[in-house]
Amino acid sequence: MSGRKFSRRSVLLLAAAVLLAVALGSVALARARSAAVVATVPFSDLLRHLDSASVKEIVVNGDLLEFKLANGETFRTIAPANYVTSNAAFVPELAKKGVRIDVQTVADQSPYSYGALVLGLGFVGLLGFAMYRVTSGRIPALESKAREAGAETTTVTFADVAGVDEAKEEVKEIVDFLREPGRFAAIGGRIPKGVLLVGPPGTGKTLLARSIAGEAKVPFLFASGSDFVEMYAGVGASRIRKLFKDARRHAAACIIFIDELDAVGRSRGGTSLSHEEREQTLNQLLVEMDGFAPNQGIVVIAATNRPDILDPALLRPGRFDRQVTVGAPDVKGREQILQIHARKVAIDAEVDLRQVARGTPGFSGAELANLVNEAALFAVRAGRQIVTNQDFDQARDKVLMGAERKSLQMSEHERMTCAYHESGHAVVAALLPHADPLHKVTIIPRGRALGVTMQLPEGDRHTHTREFLEAQIAILMGGRVAEELFLRQMTSGAGNDIERATEIARRMVCEFGMSAALGPLAYRTPGNPWETDKGAGISESMAQQVDAEIKGLVMNGYETARQIIAKNRAAVRAMAEELLVVESLDADSIKAVIASAA
Ligand code: ADP
Ligand code: MG
Ligand code: ZN
């Protein structure tokens, strides 16, 4: 951070602090002043004084009434809502009794008005300053709209994308075409018009699209599906029109990239508010794609992680008729991705990226990039120039579980609850043969969780056995069971566990066909993530059976956990007590604790 930026920021902070102090001070002062003079009394007091005709003067300020007695005492009271204005007899009655009535507006009486004014002015000032900073280009996030229709030249190449070799192989052809559209056509290559990159978030779809432009050295026109979804009718369609017009202006070949295609490309016929607008936009996109000849040198690339909800019209020949899957990287791919991102930081020679890759199954490319970044930050925070194994360990835990929240204060009882709860998970996980090995147990709060029990699979897993899933449910139940057996309590802390266990059971029954009673059929139930707008439902009686099967699986898991914990009380207790002292246990310490209690 440059010195200049820093001093600006401190000026800003100082200004904010001064404003706040002045405002609070004035509010406090006004309060103190009025409090010293006027006591607030119940409304019935006012009525009593009126009855005894001892009221001399009333100042009405909305429902806030200040009244002065004949003896000079002043009180304040709050009338029932709209009492003065809705009670037609009130004011005439006061007048009849000879009470002087003064009506004030809220603003000229409010003791807070001065403070509010200062605060208001202060905020206007701060807003102005912020706007100045934005317009002077200091906040990059807001620039993207302006860039929307402009073409970028990109320096990203295939060398920057790893772990998606098949996808790269498939798009090589597009690069060949874009380099020399004429020659490609002459040798009879089938020219792609639209290519759809499909895959989970963070796997490098956007990066791959950029690298195609970089490899072919052609302009890259970026747009995001969400840019086209506006509240105003016709805006999305006209943006699409402009995008293609810009593309046609490029004499040679170019790429139009539409990120998050699903934002515009959802199947039509929904009933949502913006659906008419979206339909217009989608139609315009279809018209534009049909409107250019394949040899014009324009290739439209789009990305989505929800191909299932796309309008089928988008996938017809001549549109996005080529799909390329960009999947999550395997262990070798992860190592390569780590190498790419590790080039930007200085890494200790002892760090083995293959080992890091092995310990990060399921990580996407974006998460791996984030991991390297976090590791570098840990090194900086420790005052080191070089990133070590320990930094990678910490970074992985952080990316996996959210940042440690050291500041969160837990009561002693909460810590104990947490320690028994996590020990319950851990002991069940350690003793079930089909579970993944334990990696770590901790009662240091992270993200939203108070404690965490972490398992790590030994290799990449693509499929799960029934035994594995059943073990997973039992492990999730272990937390609740330990609380019940040791502390005789149920807490809301198990809520997330219960939700996850139920979800596993639901998928076993509805998606994986693992219920003996219901057989290998897919059941579409509400909440099923791949349920489409078509919404094929199941009958009421079928739904009841599905529910019964799900409940059976969860209850089985609960029973398994209960038996294991009841049989191994000593191990759970020993682990909980150890956790209360050291807060987190790694795989070896977990084994040692369990062995010592046996
Ligand atoms: P997606 O578009 O699939 O959500 P992105 O392309 O936006 O993913 O990925 C975000 C960032 O994560 C990239 O800019 C890059 O730094 C990193 N990344 C993701 N996938 C890969 C990959 N396969 N190889 C190298 N880096 C990757
Ligand atoms: Mg993306
Ligand atoms: Zn839990």
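Every heavy atom of this structure was used, including side-chain atoms; hydrogens, water molecules and symmetry mates were not. Atoms within a ligand are numbered from 1 in the order they appear, just like the ligands themselves.
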Are side-chain heavy atoms of [X] and [Y] found at a separation under 4.5 Å?
X	Y	value
Glu511	Arg506	yes
Thr491	Glu414	no
Met490	Glu484	yes
Glu577	Tyr420	yes
Thr442	Glu422	no

* Asked: Does a donor on one side chain sit under 3.5 Å from an acceptor on the other, for Asp259 and Thr206?
  -> yes
* Return yes if a side-chain donor-acceptor contact under 3.5 Å exists between His439 and Arg396, otherwise no. => yes
* Among the N, O or S atoms of His425, the one nearest the Zn ion (ligand 3) -> NE2
* Could you tell me the angle subtended at the Zn ion (ligand 3) by OD1 of Asp497 and NE2 of His421, rounded to 10°? => 140°
* Is it true that Gly199 lies under 4.0 Å from ligand 1, counting heavy atoms only? -> no
* Touching ligand 1 at all, Ala303? Heavy atoms, strictly under 4.0 Å? -> no
* **Shortest non-hydrogen contact between Ile565 and Ala482, atoms and distance** => CD1-N, 4.0 Å
* Please list, chain by chain and in numerical order, all residues satisfying side-chain contact (heavy atoms from CB on, under 4.5 Å) with Arg466, sequence neighbours excluded. => Glu470, Met508, Met514, Leu553
* **Results of side-chain contact (heavy atoms from CB on, under 4.5 Å) for Ala395 - residues two or more places apart only** => Leu371, Glu374, Ala375, Phe378
Ligand 1 and [X], any nitrogen or oxygen pair closer than 3.5 angstrom?
X	value
Gly202	yes
Leu207	yes
Asp259	no
Val164	no

* Name the option, out of Ala162, Ala159, Ser364, Pro200, that contains the heavy atom nearest to atom 24 (N) of ligand 1. => Ala162
Starting from [atom], which protein heavy atom do you reach first, and at what distance in Å?
atom	result
atom 26 (N) of ligand 1	His341 NE2, 3.0 Å
atom 8 (O) of ligand 1	Gly204 N, 3.2 Å
atom 18 (N) of ligand 1	Gly365 C, 3.6 Å
atom 10 (C) of ligand 1	Ala366 CB, 3.9 Å

* Aromatic rings His421 and His425: how do their planes relate, parallel, tilted or perpendicular, breaks at 30° and 60°? -> perpendicular
* Asked: Using 30° and 60° as the class limits, which term best fits the ring planes of Phe222 and Phe257: parallel, tilted or perpendicular?
  -> tilted
* To do: State whether the side chain of Arg334 and the backbone N or O of Leu368 hold a donor-acceptor pair below 3.5 Å, judged by distance alone.
  => no
* Asked: In terms of heavy-atom contacts, does CD of Glu166 have more than 12 from other residues, nucleotides or ligands at under 6.0 Å?
  -> no
* Structure fact -> Near the Mg ion (ligand 2), meaning under 2.8 Å, the protein N/O/S atoms are Thr206 OG1
* Asked: N/O/S atom of Glu422 under 2.8 Å from the Zn ion (ligand 3), yes or no?
  -> no
In terms of atom number and element, which parts of ligand 1 are under 4.0 angstrom from non-hydrogen atoms of [X]?
X	answer
Val161	23 (N), 24 (N)
Asp160	24 (N), 25 (C)
Thr206	2 (O), 6 (O), 7 (O)
Pro201	4 (O)

Show the atom names and distances, to 0.1 Å, of all donor-acceptor pairs under 3.5 Å that link a side chain in residues 589-598 to residues at least two apart or in another chain.
from: Ser589; atom 1: OG; to: Asp586; atom 2: OD1; distance (Å): 2.6
from: Ser596; atom 1: OG; to: Val593; atom 2: O; distance (Å): 2.7

